[in-house]
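Just below is one structure, and these are the notes that go with it.
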Number of protein chains: 2
Amino acid sequence: MTARVQWTDYDSATCSIARTLELVGDRWSLLLLRDLFNGVHRFDDLRGHVGVSRDVLTKRLAGLVDAGLVERRAYRVEGERGRASYHLTGAGKDLQPVLVALMAWGDRHLTGDEAPPARLEHVGCGGAVTVALACEEDHPVARRDVRLLPTESARRRTSRVSAASG
Amino acid sequence: MTARVQWTDYDSATCSIARTLELVGDRWSLLLLRDLFNGVHRFDDLRGHVGVSRDVLTKRLAGLVDAGLVERRAYRVEGERGRASYHLTGAGKDLQPVLVALMAWGDRHLTGDEAPPARLEHVGCGGAVTVALACEEDHPVARRDVRLLPTESARRRTSRVSAASG
DNA sequence: CCGCTAGGTCTGTATTTCGGACCCAGGGTA
DNA sequence: TACCCTGGGTCCGAAATACAGACCTAGCGG
């Protein structure tokens with residue numbers, strides 16, 4: 001029977017969420033991106049502020065560079081040695097909504113009575129910035145009004161799950 | 001000197017992004033939340049679809065329950081054994097924008113020429129759903145127009161970094 | 001009371017992370 | 001020229017995690 005398409009008929013790993021998490025879904029990558037957004041660009045500064053070991057920092061930065069989220073630049077300040085620095089690419093900057101959403105959630109659910117440890121301000125108006133669901137047609141979108149529809153392109157790549165369910 | 005407050009003067013771990021990632025910032029938690037959003041609620045179904053080992057699934061579910069993102073419910077279908085199932089709490093559902101943002105990024109940067117493996121549809125209008133930065137005053141917010149301002153409450157809890165920079 | 005099944009726990013191995021020692025290159029400076 | 005300093009790493013052994021898969025258990029139908 002060709003019943004309605006089920007989410008579980010599709011390979012988890014094909015999903016864009018899974019594929020994105022393969023690049024940034026570890027303990028450190030998103031924190032590094034956060035610091036890169038906030039103007040921390042040098043190896044030792046990242047290490048000191050984020051609190052990651054040198055070893056892991058090297059690997060993560062290499063991974064982010066491979067993934068095209070970060071670029072390594074050599075630069076030199078007049079009269080000093082050449083240095084390396086790390087900067088977000090356009091693709092890296094496109095992850096901003098993920099970070100803002102994580103921050104908004106933490107501000108709402110983890111700060112208790114205190115003021116949140118930092119705020120994102122809309123330059124100009126001064127209002128707090130968060131993220132909101134938005135639809136192409138610019139309607140306001142409530143949480144409930146979202147439906148996930150797996151498409152054919154995912155089905156084709158399905159392996160493990162389709163075999164098990166057959 | 002009381003120079004302008006620097007991002008690096010604040011303890012990384014106090015940040016709402018870091019604190020949120022302590023709950024969901026590992027390889028599996030967000031994938032589990034994704035499946036819970038999509039109607040997968042039983043232990044074995046989660047294990048099979050997400051592809052996580054039983055061991056780790058047990059630990060992650062326990063962590064998510066501890067964190068208040070997920071609740072465990074015992075239920076029974078007429079004439080069958082009692083079963084356990086896992087459901088998002090309100091706090092868990094509030095992470096939806098994080099997942100949508102990850103998915104939107106993947107759709108944009110990882111799908112190449114093919115159609116994305118799934119789409120989020122706005123029930124009713126049928127348009128695609130993504131996330132957008134939004135400010136309190138409902139202005140449209142461009143990426144650039146966001147400024148991070150650490151607040152005093154973060155400073156107070158600062159430890160490692162303030163000692164090093166003094 | 002036997003077998004089946006969902007939901008786990010246990011175990012041994014493989015991988016990752018951690019902290020810290022070490023290394024290297026390229027300036028300044030003497 | 002030799003030496004020192006510093007940023008940006010690599011290397012190492014110990015500890016923590018993840019993994020696959022075997023095993024356990026509660027309850028229902030037969």
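As the structure is a computational prediction, the values presented were derived from the model and not from experiment. Residue numbers begin at 1 in each chain, while the letters A, B, ... track the order of the sequences.
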Which residue lies toward the 5' end of DNA chain C, A:Arg54 or A:Arg27, if each is placed at its nearest nucleotide?
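Nearer the 5' end of the strand: A:Arg27.
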
A:Arg76 or B:Leu61, whichever maps to the more 5' nucleotide of DNA chain C:
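Looking at DNA chain C, the more 5' nearest nucleotide goes with B:Leu61.
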
Spacing between [X] atom [atom1] and [N] atom [atom2], to the nearest angstrom:
X       : N      : atom1 : atom2 : answer
B:Arg60 : C:dG8  : CZ    : C1'   : 16 Å
B:Lys59 : D:dA18 : NZ    : P     : 6 Å
A:Leu57 : C:dG20 : CG    : C1'   : 16 Å
A:Asp44 : D:dT10 : CG    : C1'   : 14 Å

Examine the base of [N] for any acceptor or donor lying under 3.5 Å from a partner atom in the side chain of [X], and report the outcome as yes or no.
X       : N     : result
A:Arg42 : D:dG7 : no
A:Arg83 : D:dG7 : no
B:Arg81 : C:dT5 : yes

Of all the nucleotides listed ([options]), which has the minimum atom distance to the side chain of [X]?
X       : options               : answer
B:Asp55 : C:dT11, C:dG8, C:dG19 : C:dT11
B:Val52 : D:dG8, C:dG8, D:dC19  : D:dC19
A:Ala84 : C:dC18, D:dG9, D:dC19 : D:dG9

Decide if atom CZ of A:Arg108 counts as having more than 12 heavy atoms of other residues, nucleotides or ligands within a radius under 6.0 Å.
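Open: at most 12 neighbouring heavy atoms sit under 6.0 Å from CZ of A:Arg108.
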
Classify the ring geometry of B:His41 against B:His87: parallel below 30°, tilted from 30° to 60°, perpendicular beyond 60°.
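The arrangement is parallel - the two ring planes meet at less than 30°.
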
Any side-chain donor paired with an acceptor under 3.5 Å for B:Thr111 and A:Arg19?
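Distance-only check fails for B:Thr111 and A:Arg19.
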
